[in-house]
Student: 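First the structure, which I've put down as structure tokens, then a few questions once you've had a look.
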Amino acid sequence: MISKLKSFTLSGIFPEIVEIEIGLSVGLSSFQIVGLPDQTVNESKERIGLALKSIGAKPPQKFNRKIVVNLAPADIKKEGPLLDLPIALCFLLATGQIKNIPEKTLFLGELGLDGSLKKIKGVLPIALKAKEYGFEKIVLPKENLKEVSFLDDLQFYGFENLKEVIKFLEGEEFRPYKEKINFDFNEEDLSFLIIDDYLLRGLMIAALGRHNFLLYGPPGTGKTLIAKNFVNLLPNLRKEESLEVSSIYSALGLLNEGIVFRPPFRSPHHSASTTSILGGGKDAKPGEVTLAHRGVLFFDELPEFRRDVLEGIREPMENGEIVVSRAKKVGKYPAKFIFIGAYNPCPCGFYGDPEIECKCTISEINKYQRKISGPIFDRIDMNFYVPRMKSEKIFNMEKRDFKKIKEKLKEAQERMKKFFGDDCFYYPSEIPPNKINKYIQLTNDAEKILRDAIDRFRISLRGVHKILKVSLTITFLENKDKIDKEEILEALQYRFQTNET
């Protein structure tokens, strides 16, 4: 007899449908799993045997039969312990220990040796994919319920052990679990940030248009503090963005409770490896650039990062995705983030400082600054010099009302939403090159200034597009209909590095 049951496995962060087939034939007693299982799936034989024995069922070892478990399609690698439960149930069906398994019901879970169901990775992306395949019910470990219970059109049943799942199959009534998402959260009070007006305005523009930017200046001026709190100027993720980010974190086992509705903030250390930041390894796993999707990727002490790491982020900064290729696997992962870099102008930090003498030699300064290549700078939309503040300014600066600032940004976001209509992007930084002419219109004065700047400063085509997109963001912030010379001049100011504020 052959029994069949459909379930899912994860390929990187993406779910793949798997058909489990179990057949019994005459031969030496054995329990074999075929269909490109990884080590974790292969080890499920031992977990399943003891789990079945613990609930009083007859394990595979008690049958004088050759038992083959086939995981189809055979050319997709099956990873992780989430197939333990469906394989165990399919075996019970094949051996007649249970009568039937209801259709349109998906089973997921790792089995403990005592029959308990343990938490697994990737429940959310699998649940979203399950709807496309017509599943109506999902049986999973109780610990995973909060990840998915807010989804509509699906019923979720969370169980603590295999015995409860058997009772469910025998017709005992269990109520599906449902929970509403609480989107209320305490907004961070940003009144402690002491920054110049020009810098605050620049941060507002960057937050509104999702522009990459650099913070540079002497040490101790608050560059890291500004970068870490910049994410609090960003609005909550839209529903589709929230599901996208939450699915990534769920697949990697980083989704603790509920759903991610705030933009993520990732700040890897400068000693981090290329694989951990860009993704890779033998299984082409995603890295920090993917974990920062729809949020912020912050590199503190930018020149201290490895050259291959800095050059490697060029692709996701431009395309919003990264392709990780390895000998046995290729992974294409989303990586649309705001990049923030912070650095000092030289190793000692005081090059160009009017008050503290720099102790570095010219060769040391040049070597330090050359660590950041021209192509990286070309992908930066805005540059902010963060100066040291006098004590008088620190103690006398008025506290800003960040609630009003966020309200102003929200109003500008609504204008952007109407402006872009039904297009597949929401922010000026995401406008593709083939739609620049559609969305960006310049006055004659603005065009003349931009033409002069291109010839004078030898700005690249990518740089021109960056200037135009920043200019468009400024028009939304100022509630203007067209890009005029003021917007172009301000965008040009942010384009170039200067120690003058």
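Small disclaimer: the values here were computed from a predicted structure and weren't measured.
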Student: Answer yes or no for Arg379 and Phe339: cation-pi contact, defined as NZ/CZ to six-membered ring centre under 6.0 Å and angle to ring axis within 45°.
Tutor: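 Arg379 over Phe339 ring: no.
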Student: Using a strict threshold of under 4.0 Å (side-chain N to carboxylate O), is an ion pair present between Asp283 and Lys77?
Tutor: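 Yes.
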Student: Pairs of donor and acceptor atoms involving the side chains of residues 48-70, under 3.5 Å and at least two apart or interchain, shall be tabulated with distances.
Tutor:
residue	atom	partner	partner atom	Å
Ser54	OG	Ala51	O	2.6
Ser54	OG	Asp114	O	3.2
Asn70	ND2	Glu21	OE1	2.8

Student: Under 4.0 Å between a Lys/Arg side-chain N and an Asp/Glu carboxylate O for Glu143 and Lys119?
Tutor: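 Here Glu143 does not pair with Lys119 in a salt bridge, since their nearest N and O are not under 4.0 Å apart.
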Student: Quick one: which of Ile248, Leu254, Leu255 gives a side chain to side chain contact (heavy atoms under 4.5 Å, CB included) with Val260?
Tutor: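 Exactly one option meets the side chain to side chain contact (heavy atoms under 4.5 Å, CB included) with Val260, and it is Leu255.
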Student: Take Phe425 and Tyr439 through the ring pair (Phe, Tyr, Trp, His ring centres under 6.0 Å) test and state the conclusion after the steps.
Tutor: CA-CA 12 Å; Phe425 51 86; Tyr439 287 110; 5.6 Å; yes
Student: Check for me whether Arg415 meets the cation-pi criterion with Phe476, that is, NZ or CZ under 6.0 Å from the six-membered ring centre and within 45 degrees of the ring axis.
Tutor: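 Negative - Arg415 is either too far from the ring of Phe476 or too far off its axis.
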Student: Taking the side chain as everything from C-beta on, heavy atoms only, tell me whether Lys282 gets closer than 4.5 Å to Lys329.
Tutor: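 No - every pair of side-chain heavy atoms lies 4.5 Å or more apart.
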Student: With no hydrogens and no angle check, do the side chains of Glu147 and Asn144 hold a donor and an acceptor under 3.5 Å apart?
Tutor: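 Judged by distance alone, the side chains do pair up.
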Student: Is the ring pair Phe159/Phe174 parallel, tilted or perpendicular, if the boundaries are 30 and 60 degrees?
Tutor: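 Aromatic pair Phe159/Phe174 classed perpendicular.
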Student: With sequence neighbours left out, which residue pairs that include part of residues 288-297 fulfil the side chain to side chain donor-acceptor pair (under 3.5 Å) condition?
Tutor: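 For residues 288-297: Glu244-His293, Glu244-Arg294, Arg266-Glu288.
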Student: Salt bridge check: are Arg462 and Glu318 linked by an N-O gap of less than 4.0 Å?
Tutor: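 Answer for the salt bridge query: yes.
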Student: When you check the gap from the basic side-chain N to the acidic O, do Asp152 and Lys178 get nearer than 4.0 Å?
Tutor: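 Here Asp152 pairs with Lys178 in a salt bridge, since their nearest N and O are under 4.0 Å apart.
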Student: Output yes when Glu414 and Lys417 qualify as a salt bridge under the 4.0 Å nitrogen-oxygen rule, no when they do not.
Tutor: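 Looking at Lys417 together with Glu414, the answer is no, because their closest N to O distance does not fall below 4.0 Å.
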Student: Hey, is Glu430 close enough to Arg210 for a salt bridge, meaning N to O under 4.0 Å?
Tutor: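 Arg210 and Glu430: not salt-bridged.
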Student: Should Glu19 and Lys4 count as side-chain neighbours, where that means a heavy-atom distance under 4.5 Å?
Tutor: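 Yes, side chains in contact.
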Student: Ion pair present between Asp423 and Lys438, side-chain N to carboxylate O less than 4.0 angstrom?
Tutor: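 Yes, Asp423 and Lys438 are salt-bridged.
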Student: Among Tyr343, Phe298, Phe299, which residue satisfies the ring-ring contact (aromatic ring centres under 6.0 Å, His included) criterion with Phe305?
Tutor: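 Option passing the ring-ring contact (aromatic ring centres under 6.0 Å, His included) with Phe305: Phe299.
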Student: Any idea how Phe213 and Phe384 line up, ring-wise: parallel (<30°), tilted (30 to 60°), or perpendicular (>60°)?
Tutor: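 Tilted: the ring planes of Phe213 and Phe384 meet at 30° to 60°.
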Student: Start with the C-alpha gap between Ser273 and Ser276, add the side-chain angles, then the distance that decides, and say whether side-chain hydrogen bond (donor to acceptor under 3.5 Å, both in side chains) holds.
Tutor: CA-CA 5 Å; Ser273 66; Ser276 66; 3.3 Å; yes
Student: Does one side chain, of Gln32 or Ser30, offer a donor that lies under 3.5 Å from an acceptor on the other?
Tutor: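 Short answer, no.
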